[in-house]
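One-based numbering along the sequence shown. Keep in mind it's a predicted model, so treat the numbers as computed, not measured.
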Amino acid sequence: CNRNDRLAASLLKSRYPKIAYELLNRYKKYNESIKICEKLEKEGKAIIIRPKTPVSSYETDTKVMRESYEKGYKLAQKKMDEIRELFEEK
């Protein structure tokens, strides 16, 4: 759980305790989802397209977000044959 999540949770806790709880524990769900996706990728049932440099959940700089989008788009284009193969009927 990062500093921004803890700060947001502390501000929300008295009025919205369930939201605060979820903010403090969302990393667990995220990590679990990543493990599932990586397992599916190893089994040949999924293709993960993600930037090598992560972007913060709280990123507000549109230039940084645009650059990340462009990198992801180019990566998807490079993997397009793999993506098509994944959806082909066998």
Q: For the hydrophobic clusters of this structure (ILVMFWY residues joined by side-chain heavy atoms under 4.5 Å, transitively), does one cluster hold both Y21 and L12?
A: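 No, no single cluster joins them.
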Q: Using modelled atom types and a 3.5 Å cut-off, is there a donor and acceptor pairing between side-chain atoms of S33 and backbone atoms of K29?
A: yes
Q: Using side-chain heavy atoms (C-beta onward) and a distance below 4.5 Å, is K71 in contact with V55?
A: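 No, too far: nothing below the 4.5 Å cut-off.
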Q: Side-chain heavy atoms under 4.5 angstrom apart, residues restricted to Ile, Leu, Val, Met, Phe, Trp, Tyr: same cluster for I34 and Y27?
A: no
Q: Between E70 and R66, is there a side-chain N and carboxylate O pair less than 4.0 Å apart?
A: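 Between R66 and E70 there is a salt bridge, with a charged N closer than 4.0 Å to a carboxylate O.
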Q: For E43 and K39, run salt bridge (Lys or Arg N to Asp or Glu O under 4.0 Å): C-alpha distance rounded to whole Å, both residues' side-chain angles, the deciding distance at 0.1 Å, then the answer.
A: CA-CA 6 Å; E43 294 171 0; K39 180 180 179 269; 3.0 Å; yes
Q: Once rounded to the nearest 0.5 Å, what's the spacing between atom CD1 of I19 and atom NZ of K13?
A: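 Output value for this atom pair is 14.0 Å.
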Q: Please answer: with hydrophobic residues joined when any side-chain heavy atoms are less than 4.5 Å apart, are M80 and Y73 in the same cluster?
A: no
Q: On a heavy-atom basis, which atom in A8 and which in L23 lie closest, and how many Å separate them?
A: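 Closest heavy-atom pair between A8 and L23: CB-CD1, 3.7 Å.
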Q: Looking only at heavy atoms, which two atoms of A9 and A20 are closest? And how far apart?
A: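 The answer is O-CB, 3.5 Å.
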Q: Does Q77 CD have over 12 foreign heavy atoms under 6.0 Å away?
A: yes
Q: Between Y58 and Y69, is there shared hydrophobic-cluster membership here, with clusters defined by ILVMFWY side-chain heavy atoms closer than 4.5 Å?
A: no
Q: A side-chain contact here means heavy atoms from C-beta on lying under 4.5 Å apart; do S57 and R26 qualify?
A: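 Sidechains of R26 and S57: in contact.
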Q: Quick check for you: to the nearest 0.5 Å, what is the distance between T60 atom OG1 and M65 atom CE?
A: 6.5 Å
Q: Using modelled atom types only, decide if a donor and an acceptor are shared between the side chain of S10 and the backbone of L7 within a distance under 3.5 Å.
A: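 Answer holds: yes.
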Q: Spell out, as yes or no, whether a donor-acceptor pair under 3.5 Å connects the side chain of K79 to the backbone of I48.
A: yes
Q: Could you state whether L40 and F87 fall into the same hydrophobic cluster, counting links through intermediate Ile, Leu, Val, Met, Phe, Trp or Tyr residues with side-chain heavy atoms under 4.5 angstrom apart?
A: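 Cluster IDs for L40 and F87 differ.
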Q: Please find the pair of heavy atoms, one from A46 and one from C37, that lie closest to each other, and give the distance.
A: CB-O, 4.5 Å
Q: Locate the shortest heavy-atom distance separating N2 from N4; write the atom from each residue and the value.
A: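 For N2 versus N4, the nearest heavy atoms are OD1-N, 3.0 Å.
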Q: If you apply the rule salt bridge (Lys or Arg N to Asp or Glu O under 4.0 Å), what do you find for R84 with E88, and how did you get there?
A: CA-CA 6 Å; R84 285 189 182 107; E88 285 178 357; over 6 Å; no
